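Below, chains carry the letters A, B, ... as their sequence lines are ordered, and counting in each starts from 1. Keep in mind it's a predicted model, so treat the numbers as computed, not measured.
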Amino acid sequence: MAKTLFEKIWDAHLVKALPDGTFLIYIDRIFLHERTGSIALQSLAEAGRKVRHPERVFCTMDHIVDTFPGRGDDTVMPSGKNFIQATRKEAKAAGITLFDIGDDRQGIAHVISPEMGIVQPGITLVCPDSHTCTQGAMGAAAWGIGSSEAEHAMATQTLRINKPKLMRVVFEGELGAGVTAKDMILHLIGQYGANGGAGYAIEFAGSAVENLSIEGRLTLCNMAVEFAAFTGLVAPDQKTYDYLEGRTYAPKGKDWDEALTYWQSLVTESDAAFDKEIVINASDIEPTVTWGTSPQHAAGISQSVPALESLASDDARTAAQRALDYQGLASGDALAGLKIDNAFIGSCTNARIEDLRSAASILKGRKVAAGIKAICVPGSQQVKAAAEREGLDKIFEAAGFEWRESGCSMCFFAGGEHFGAQERVLSTSNRNFESRQGPGTRTHLASPATVAASAINGVITDPRTFTEVN
Amino acid sequence: MDPFIRHTGVSAPLLRINIDTDAIIPSREMRLVSKKGLGEGLFASWRYVLPDSREPNPDFVLNKPEYANTTIILGGNNFGCGSSREHAVWALAEYGIRAIIAPGFGAIFYQNCVRNGILPVVLDNETVQSLAAEVEENPQVHQLTIDLEQQTVTSFSGAQAKFEIEAGHKEMLLKGLDSIGLTLTFEDDISRFEQADGAKRHWL
């Protein structure tokens with residue numbers, strides 16, 4: 001029977017179909033971070049269990065670690081240090097690879113894993129972090145799990161899971177100028193709801209996906225979890241191989257040739273069946289911004305906050321009304337022109353070098369509007385170094401942005417630093433939940449270009465109004 | 001892990017859709033490298049008047065006297081979406097929650113519940129709403145009974161709804177099993193897989 005990419009990966013990792021209807025699936029690589037990984041490692045050690053294959057487990061410091069220049073183990077939240085130091089101690093005891101503070105490989109898990117070639121086409125990779133689906137962009141099955149599941153994966157190198165249903169989301173045609181992968185995924189969730197992908201592994205396909213760079217695909221897959229999907233993935237192609245070749249953990253020499261042959265077999269066959277398919281015309285997508293407190297509260301930047309009557313259900317109307325109260329908005333308010341207090345460029349969604357270049361192209365020679373607090377947090381130390389080689393740090397700083405060390409930072413506030421109550425933040429991150437970026441903080445999600453353009457004007461701004469974008 | 005076989009308890013409706021794990025336990029409440037000490041931070045942004053305060057917000061359902069000793073939550077669709085933090089489930093468990101009934105759950109949150117002895121029950125929206133309506137009339141008396149063996153939720157008035165659950169999850173909860181221990185009984189299968197796969201994908 002013709003198979004999809006996901007089925008091929010699934011079948012290649014099936015250890016055993018269990019009598020209770022679940023499947024024992026082999027896990028190739030495990031990533032940890034200091035917030036949930038610390039507990040998983042500690043709990044495993046307390047139970048007297050060993051990490052089965054320490055060489056297959058990698059850990060970073062990203063969630064809680066400070067991003068101020070000159071950082072150490074201390075964080076704004078006094079207890080943050082406990083997680084950092086516990087992680088270091090447990091990682092050493094378990095013999096796993098740690099990308100610690102001060103290591104030039106440190107960064108956000110889902111940025112550094114592709115960057116070092118840890119995630120590869122056809123592998124299974126899990127991490128106790130919901131945005132692990134990001135890494136599916138490399139043609140892998142990568143998904144987020146809880147801490148207990150991380151313990152299970154480390155102790156047994158497997159997980160017991162149910163087989164997800166299969167969905168294909170096809171973006172056909174060409175994206176307009178100034179429209180990015182971030183806008184594609186916000187558009188999808190805005191159209192089909194934050195629950196639209198529940199129960200599915202989603203393959204993103206179509207010419208607009210093929211035309212995305214690897215970094216764009218990472219952004220696209222990153223928010224599959226905001227669509228409630230089990231994971232998202234993109235078939236590997238020449239771009240994937242070119243991206244991977246030569247990276248630290250990528251196969252070399254003869255191994256590379258053999259791996260490549262295998263990877264090239266990992267495509268969805270033309271007559272393979274999906275349980276569901278969604279087709280989107282890429283040229284219909286505008287730069288997209290969220291207005292409410294769920295990623296499904298998204299609209300094109302030329303639009304206004306929708307009328308509640310236009311929403312599909314009572315539940316959706318109630319949630320939207322609550323969101324508008326929280327956000328200090330009303331139906332009919334135009335998105336463009338909405339005054340912002342803060343601009344945040346960072347996170348596993350949009351803090352790679354192409355994201356920083358995109359923002360910098362708009363910021364170059366300009367300054368952020370008076371009173372705007374603007375922060376750029378590169379996704380990894382390697383991204384930061386690359387940006388500095390290109391002089392992007394100077395552009396950000398001259399424009400009035402803070403230039404930070406890498407980490408998850410103000411995507412949420414695990415380390416204790418946060419934005420103020422009722423302050424409006426335009427953010428390149430992935431969650432606009434109530435109090436996500438600070439108690440009472442009002443978050444709007446957008447692409448790096450939209451955040452940069454808006455920071456300059458001090459109000460939400462269509463990036464296409466800047467000639468650099470066109 | 002405590003087995004879940006049958007449970008009767010006070011149920012609190014929290015029917016909004018997309019209740020995320022940041023709402024269930026905010027980052028700032030996760031202070032220790034521990035699965036304990038999280039119950040107080042449960043729903044902190046809604047439950048207390050100010051962030052970091054411990055002054056109860058009288059309008060929040062769990063703070064109302066009629067919902068004292070709540071052990072079941074009636075939730076909206078996509079309950080537990082967002083961050084994978086298992087702290088959300090540990091906080092619910094420490095507070096005393098044994099089951100959550102909702103039209104749908106975040107996938108990672110669902111797994112985390114099963115791994116920690118909390119039963120996630122999926123029922124359609126209409127049924128959840130009607131259970132909530134009955135509970136709200138007199139929460140302390142109109143308790144719900146969940147029978148995992150029979151896969152039923154029964155209200156005080158006797159209305160009964162049947163729910164589906166994967167056999168593997170059901171067994172795990174009924175017996176309070178340690179999933180790692182269980183999987184390690186398949187050690188031979190795992191080793192065999194590793195040998196065969198190592199020969200095939202030797203570059204990993």
Of all of A:Glu55, A:Glu34, A:His13, A:Lys254, which one pairs up most often with chain B through heavy atoms under 4.5 Å apart?
A:His13
Check the pair A:His418 / B:Arg28 against side chain to side chain contact (heavy atoms under 4.5 Å, CB included), numbers first and verdict last.
CA-CA 10 Å; A:His418 60 83; B:Arg28 62 177 181 277; over 6 Å; no
Starting from the C-alpha separation in whole Å, work towards a yes-or-no answer on side chain to side chain contact (heavy atoms under 4.5 Å, CB included) for B:Leu204 and A:Gln120.
CA-CA 9 Å; B:Leu204 274 181; A:Gln120 297 171 13; 3.7 Å; yes
Using a distance-only test with no angle check, is there a side-chain donor-acceptor pair under 3.5 angstrom linking A:Glu434 and B:Ser45?
no
Checked A:Val225, A:Thr36, A:Leu18 vs chain B; the most non-hydrogen pairs under 4.5 Å come from A:Leu18
Full working for side chain to side chain contact (heavy atoms under 4.5 Å, CB included) between A:Asp315 and B:Gln129
CA-CA 11 Å; A:Asp315 284 350; B:Gln129 300 274 353; 3.7 Å; yes
A side-chain contact here means heavy atoms from C-beta on lying under 4.5 Å apart; do B:Ser34 and A:Ile39 qualify?
no
Can you see whether A:Asn195 engages B:Asn18 through a side-chain donor-acceptor pair at a distance of less than 3.5 angstrom?
no
Side chain, backbone, both or neither: which part of A:Thr158 has a non-hydrogen atom closer than 4.5 Å to chain B?
side chain
Heavy atoms, side chains only, cut-off 4.5 Å: are B:Glu166 and A:Asp20 in contact?
no
Does the side chain of B:Ser27 come under 3.5 Å of the side chain of A:Arg35 through a donor N or O and an acceptor N or O?
yes
Determine the interplanar angle of the B:Trp203 and A:Tyr262 rings, folded into 0 to 90°, and report it as parallel if under 30°, tilted if 30 to 60°, perpendicular if over 60°.
tilted
Decide yes or no for A:Thr318 and B:Ile17: does some side-chain heavy atom of the first lie under 4.5 Å from some side-chain heavy atom of the second?
no
Are side-chain heavy atoms of A:Arg431 and B:Ser83 found at a separation under 4.5 Å?
yes
Salt-bridged, B:Asp20 to A:Arg436, with N to O below 4.0 Å?
no
Which heavy atom in A:Arg322 sits nearest to a heavy atom in B:Trp46, and how many Å separate them?
NH2-NE1, 3.3 Å
Between A:Gln157, A:His53, A:Gln42, A:Arg49, which shows the greatest number of heavy-atom pairs under 4.5 Å with chain B?
A:Arg49
So do B:Thr183 and A:Arg160 actually touch side chain to side chain, heavy atoms under 4.5 Å?
yes
I need the minimum non-hydrogen distance between B:Glu86 and A:Ser147, along with the two atoms involved.
OE1-N, 2.6 Å
Closest non-hydrogen atom pair between A:Ala86 and B:Val33, with its separation:
CB-CG2, 4.0 Å
Please classify the contact between A:Thr156 and chain B as side chain, backbone, both or neither, with a heavy-atom cut-off of under 4.5 Å.
both
So which residue, B:Asn77, B:Thr21, B:Asp197, ends up with the most heavy-atom pairs under 4.5 Å with chain A?
B:Asn77
If the threshold is 4.0 Å, N to carboxylate O, is there a salt bridge linking A:Arg56 and B:Glu194?
no
